Every structure is written in C-alpha cells, then in structure tokens.
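Each ligand, and each atom within it, is numbered from 1 in the order the structure gives. In this text the structure is predicted, and so the values were computed from the model without any measurement.
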Amino acid sequence: MMNAQDQALTLRHVTHPEDANHQGTIFGGKILSLIDEAAYLEARKHGLHRWVTILFDRVEFKAPVFTGDVLTVFTKTAATGRSSVTVSVDVEAERYRGGEKVMVTHATVKMVAVDKDGHSVDFRTKPEISDHLHP
Ligand SMILES: CC(C)(COP(=O)(O)OP(=O)(O)OC[C@H]1O[C@@H](n2cnc3c(N)ncnc32)[C@H](O)[C@@H]1OP(=O)(O)O)[C@@H](O)C(=O)NCCC(=O)NCCS
C-alpha cells in the first residue's frame, strides 16, 4: 500500500515539458521507465549484479500526471527466488499547484540477476559486474 512503513522512497522526479505528450499530460512510457529504474534500485539492494527486467505485471494509470507534478516512487521487495527479486512499486504524484498527493499507479516488477553472458545467476553469490562499460 502507498506509504506503508516497509516501503522505501526510492526515487523522485520533477516532471518537465519533455516528459509530456501532446495533450500536456505525462507520457505513460516515462512513468514505466521510472518504475523500471526504481525496481532496479530495489533489486540492487540484494547484490550489485547486472539486473534485467523480466516481467511487468498489469499497470493501470489511475490518475493523470501533469507537467510540474513531482513523482515519488516507493518500492518494496515482495518476494525473492534463486535469481529473481519481485518488487512492488507504487507511484504517487504531488500536484504542482497545491501539493495534493494522488496515487498514480501500482506495478509489480520482476528482476533477474544475470552473468556477463546473460544467464541467470543466484543473486546470493558474489556479484561479478566488471565489463566493457565498467572496467
Ligand atoms: C531474464 C532471462 C535471462 C531469464 O532467462 P530464463 O532462461 O528464463 O532463466 P531461468 O529459467 O533461469 O529463470 C530465471 C528466473 O526468472 C523466472 N522466470 C522465468 N520466466 C518467467 C516468466 N515468464 N514469468 C515470471 N518469472 C519467470 C524464473 O522463475 C527464475 O526465477 P528464480 O531463479 O528466482 O527461481 C531472459 O528471459 C532474458 O534475458 N530476458 C531479457 C531481459 C532483458 O533484457 N530485459 C530488459 C528489457 S529488454
């Protein structure tokens, strides 16, 4: 649930005109991107692996987000497996005018730890993150 004590405030984002669609509301894909990034940050708490997104569950946008609103993304680890971490994500908008807080969406995202060849690995093993991008 929103703002539950066991959720972490994982990221905040001030929405800008470049985040908006032609109708002036924030592009859904922008919010999905923030959800994905927040899920990565939550998974990363379980080890500094390469984490890839394997699954988004159904995402329903319950309220529009307007340019200038401040988005807050909350995360919680909902489940863990061998290589996967399932992250519960809530997104809240704080209105530019008035500061009212509005629930925007909830998503469940599954992240998998992979090795340099893209194969899933037990995330409890020692992370191996060096690659061409991170010598
Ligand atoms: C993630 C990936 C490596 C998994 O490959 P795989 O052959 O299914 O690997 P595994 O069978 O070992 O499964 C890995 C984990 O994913 C889970 N999983 C696999 N398919 C799943 C599915 N359809 N739904 C939910 N979970 C699934 C497995 O249960 C396992 O979890 P666990 O280890 O915690 O028990 C592969 O699907 C992939 O590379 N996907 C693309 C990821 C990516 O690039 N994402 C960014 C967007 S393009």
Side-chain angles (χ1 to χ4, degrees):
M1 292 297 292
M2 183 69 90
N3 286 328
Q5 287 187 336
D6 53 353
Q7 277 190 317
L9 190 168
T10 297
L11 62 86
R12 303 197 84 198
H13 176 77
V14 182
T15 58
H16 295 133
E18 61 265 31
D19 298 328
N21 59 36
H22 59 283
Q23 300 176 87
T25 54
I26 300 307
F27 181 50
K30 175 67 194 182
I31 297 169
L32 292 178
S33 162
L34 293 173
I35 291 171
D36 202 12
E37 189 166 277
Y40 164 72
L41 290 169
E42 179 69 29
R44 198 172 184 274
K45 293 177 186 172
H46 298 273
L48 303 181
H49 294 279
R50 295 177 179 82
W51 289 96
V52 294
T53 311
I54 186 168
L55 187 85
F56 261 75
D57 78 355
R58 178 172 175 270
V59 180
E60 178 184 347
F61 295 103
K62 295 183 180 298
V65 178
F66 303 102
T67 305
D69 288 356
V70 177
L71 292 173
T72 305
V73 186
F74 299 91
T75 61
K76 182 178 84 166
T77 295
T80 57
R82 179 189 69 89
S83 65
S84 71
V85 171
T86 302
V87 182
S88 173
V89 183
D90 284 317
V91 182
E92 176 187 86
E94 185 182 309
R95 295 301 187 207
Y96 173 65
R97 287 192 175 79
E100 182 196 358
K101 291 180 177 170
V102 178
M103 163 60 164
V104 172
T105 193
H106 168 81
T108 302
V109 182
K110 193 165 189 176
M111 310 294 293
V112 174
V114 297
D115 64 15
K116 62 181 170 42
D117 300 315
H119 299 128
S120 66
V121 293
D122 185 334
F123 67 78
R124 292 172 191 84
T125 59
K126 189 172 178 296
E128 183 233 315
I129 56 167
S130 63
D131 60 20
H132 66 289
L133 290 175
H134 304 94

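- Counting heavy atoms only, Lys110 comes closest to atom 29 (O) of ligand 1 of the residues Arg50, Lys110, Arg82.
- Side chain of Glu42 to backbone of Thr77: a donor-acceptor contact under 3.5 angstrom is found.
- For Phe27, the CZ atom counts as loosely surrounded, since its 6.0 Å shell holds 12 or fewer non-hydrogen atoms of other residues, nucleotides or ligands.
- Within the 4.0 angstrom cut-off, atom 3 (C) of ligand 1 has one or more protein heavy-atom neighbours.
- Of the protein's non-hydrogen atoms, the one nearest atom 46 (C) of ligand 1 is Thr53 O, 3.8 Å.
- Using a distance-only test at 3.5 Å, with no hydrogens or angles considered, no donor-acceptor pair links the side chain of Thr86 to the main chain of Thr108.
- Interatomic distance, CH2 of Trp51 versus CG of Leu41, reported as 12.5 Å (0.5 Å rounding).
- Checked by atom type, the side-chain pair His46/Thr80 shows no donor-acceptor distance below 3.5 Å.
- When heavy-atom distances to ligand 1 are checked against a 4.0 Å cut-off, Val114 comes that close only through its side chain, counted from C-beta outward.
- Residue contact check: Gly81 has heavy atoms under 4.0 Å from atoms 34 (O) of ligand 1.
- Contact annotation for atom 41 (C) of ligand 1: protein absent (non-hydrogen atoms, distance under 4.0 Å).
- What sits closest to atom 20 (N) of ligand 1 on the protein, heavy atoms only, is Ile54 CD1, 3.6 Å.
- The environment of OH in Tyr96 is sparse: at most 12 heavy-atom neighbours from other residues, nucleotides or ligands sit within 6.0 Å.
- Distance check for atom 32 (P) of ligand 1: a protein heavy atom is found below 4.0 Å.
- Among protein heavy atoms, atom 39 (O) of ligand 1 sits closest to Gly118 O, 4.5 Å.
- Summarising the geometry, atom NZ belonging to Lys76 is positioned 9.0 Å from atom CG belonging to Asp90; distances are rounded to the nearest 0.5 Å.
- The shortest contact between atom 14 (C) of ligand 1 and any protein heavy atom is with Ser83 OG, 3.4 Å.
- Protein heavy atom nearest atom 16 (O) of ligand 1, with residue, atom name and distance: Val112 CG2, 3.6 Å.
- Inclusion of Ser84 in the set of residues having an N or O under 3.5 Å from an N or O of ligand 1 is warranted.
- Atom 22 (C) of ligand 1 lies below 4.0 Å from none of the non-hydrogen atoms of the protein.
- Atom CD of Gln7 sits about 7.5 Å away from atom OG1 of Thr75, to the nearest 0.5 Å.
- Looking at atom 12 (O) of ligand 1, its nearest protein heavy atom turns out to be Ser120 OG, 2.6 Å.
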